[in-house]
Enquirer: 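Here you go, one structure.
Here is the naming used below: chain letters follow the sequence lines, and residue numbers restart at 1 for every chain.
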There are 2 protein chains.
Amino acid sequence: MNTRDRLKQIGLSLFARHGYEGTTLAQIATAAGIKKPSIYNHFDSKAALFLELSRDADDDMIALIDASLARMAQAPFEQRLRHLLQQCATFAYREHQGVFYKRFLLFPPQELVTEAEAIIDQGESRIDRRLIAFIQSGRRAGALRATLTDDHFIAAFYCIVDGLLSETFMYERQELERRFEGVWSVFWRGVTAD
Amino acid sequence: MNTRDRLKQIGLSLFARHGYEGTTLAQIATAAGIKKPSIYNHFDSKAALFLELSRDADDDMIALIDASLARMAQAPFEQRLRHLLQQCATFAYREHQGVFYKRFLLFPPQELVTEAEAIIDQGESRIDRRLIAFIQSGRRAGALRATLTDDHFIAAFYCIVDGLLSETFMYERQELERRFEGVWSVFWRGVTAD
DNA sequence: AATAGACTAACGACCGTTAGTTAGTCATTT
DNA sequence: AAATGACTAACTAACGGTCGTTAGTCTATT
């Protein structure tokens with residue numbers, strides 16, 4: 001792997017663990033086996049490295065959603081929804097990208113708040129569009145109970161994804177998969193038509 | 001308010017917004033209207049201030065749970081559960097304490113990870129004890145569906161609290177209250193006996 | 001009532017360290 | 001010959017923290 005990609009990979013894991021302010025260029029350089037100033041041969045600044053990683057993470061999250069929806073396009077709504085939820089939840093297990101993404105969403109560096117919010121807003125609207133279309137398909141298939149509004153569904157969905165992403169910090173993968181079953185059983189029973 | 005309490009209040013809001021590494025003692029001092037060395041008349045170190053705030057936040061979260069359970073002691077299980085969930089979710093709106101608490105739970109400063117984990121573990125076990133007793137009461141009252149295990153209930157409960165706490169970063173209070181209704185309607189339908 | 005000592009909480013000056021960044025150099029590759 | 005990517009050296013700014021001093025306040029003694 002070339003130096004640039006190595007710097008990105010190392011930056012991702014360090015930013016994920018220690019945050020933007022808690023990570024120094026010296027740490028990144030040492031882990032990459034080069035000296036600190038050499039980083040500037042590949043990135044204009046610490047902020048530029050961080051923002052590139054942020055855009056990557058956002059793009060990858062969208063790609064994950066698209067992949068899930070496409071792969072399960074022919075499956076019943078229940079399976080599509082379950083697969084989508086599970087994929088989103090396990091995004092956090094992509095080595096350090098999930099933690100990075102979560103941290104970036106919740107606590108973007110105050111110093112880069114303008115650029116960060118632009119990335120976040122764009123990502124959120126891209127996800128919203130896909131989610132709304134997906135709900136419509138479930139509704140047309142009669143899979144959702146009629147008294148459940150779009151708003152309620154979206155609220156519950158986001159809430160569960162956020163909650164599962166949070167729990168990846170607290171539990172091992174196996175434990176999280178057990179917990180996912182609990183959450184899914186409650187969620188599906190809550191939204192399905194009788 | 002005396003200087004010590006003022007420093008705590010200001011530290012809380014700055015740590016919440018910028019994190020531990022992103023907040024400097026100079027910022028805290030300036031906001032409190034004193035100079036940096038004067039902070040050391042009240043706290044041994046930056047870490048000591050932060051850890052005191054962490055313990056306070058943890059204690060306050062437990063107190064909130066106890067208050068909710070006590071206040072609704074005579075109410076039906078559904079109302080008790082709803083009240084508890086709502087209280088936990090709106091904890092984040094306690095001026096900066098909710099954000100501080102969430103940040104502390106998810107991304108404690110790596111430099112203080114040992115002390116932080118001790119506080120977190122203690123808090124989690126205190127909450128678990130209360131939650132398990134609460135579930136038992138709901139089960140005895142026949143409010144929960146029999147096929148729902150304790151594990152599943154706890155997983156879903158934590159997931160929703162974490163999700164709602166996360167969403168407090170993204171939405172205004174009014175919007176969050178709308179979303180809470182959606183989450184609650186799905187959750188309750190998912191756990192209740194028929 | 002006046003004073004002496006102890007304590008508190010503020011301060012300016014400063015310390016050692018480290019942060020991100022720049023400039024300039026040099027060997028290797030294209 | 002040009003570009004790349006590593007290096008050393010060094011910069012400024014800021015960090016957390018220390019020290020000695022001082023102004024004010026409470027208490028106890030005279």
Enquirer: CG of N41(A) versus P of dT25(C): gap in Å, rounded?
Expert: 16 Å

Enquirer: Can you tell me the distance, in whole Å, between the CG atom of D44(B) and the P atom of dG16(D)?
Expert: 16 Å

Enquirer: Does a nitrogen or oxygen in the side chain of S45(A) sit under 4.0 Å from OP1 or OP2 of dG20(C)?
Expert: no

Enquirer: Flag the pair R55(A) and E52(A) as a salt bridge only when some basic side-chain nitrogen lies within less than 4.0 angstrom of an acidic carboxylate oxygen.
Expert: no

Enquirer: Near DNA chain C, under 4.0 Å by heavy atom, which residues of residues 25-36 of chain A?
Expert: L25(A), K36(A)

Enquirer: Quick one: which of dC11(C), dT21(C), dG17(D) gets closest to the side chain of S38(B)?
Expert: dC11(C)

Enquirer: Which atom names give the shortest non-hydrogen contact between I34(A) and L7(A), and what distance separates them?
Expert: CD1-CD2, 4.2 Å

Enquirer: Quick one: is dT8(C) close enough that its OP1 or OP2 comes under 4.0 Å of any side-chain N or O from H42(B)?
Expert: no

Enquirer: Atom CG of N2(A) to atom C1' of dT29(C): distance rounded to whole Å?
Expert: 15 Å

Enquirer: Between I39(B) (CD1) and dT18(D) (P), how many Å, whole number?
Expert: 13 Å

Enquirer: Could you state the atom-to-atom distance from CD of E21(A) to C1' of dG16(D) in whole Å?
Expert: 16 Å

Enquirer: Given atom CD of E111(A) and atom P of dA19(C), what is their separation to the nearest angstrom?
Expert: 15 Å

Enquirer: Would you call R145(B) and F153(B) a side-chain contact if the rule is heavy atoms closer than 4.5 Å?
Expert: no

Enquirer: Rounded to whole Å, please give me the gap between OH in Y40(A) and P in dC11(D).
Expert: 17 Å

Enquirer: Report yes if some heavy atom in the side chain of V99(B) is under 4.5 Å from a heavy atom in the side chain of R17(B); otherwise report no.
Expert: no

Enquirer: Before giving the answer on side-chain hydrogen bond (donor to acceptor under 3.5 Å, both in side chains), spell out for Q122(B) and D58(B) the whole-Å C-alpha distance, their side-chain angles and the decisive distance to 0.1 Å.
Expert: CA-CA 9 Å; Q122(B) 190 200 331; D58(B) 199 57; 5.6 Å; no

Enquirer: Tell me what T24(A) touches on the nucleic acid: a base, only sugar-phosphate, or nothing, going by heavy atoms under 4.0 Å.
Expert: sugar-phosphate

Enquirer: Mind checking whether D128(B) and Y158(B) have side chains closer than 4.5 Å, heavy atoms only?
Expert: yes

Enquirer: So do the side chains of H83(A) and Q87(A) get within less than 4.5 Å of each other, counting heavy atoms only?
Expert: yes

Enquirer: Taking only the side-chain heavy atoms of P37(A) (C-beta and beyond), determine which of dT21(C), dA6(D), dA10(C) contains the nearest atom.
Expert: dT21(C)

Enquirer: NZ of K46(A) versus C1' of dT18(C): gap in Å, rounded?
Expert: 12 Å

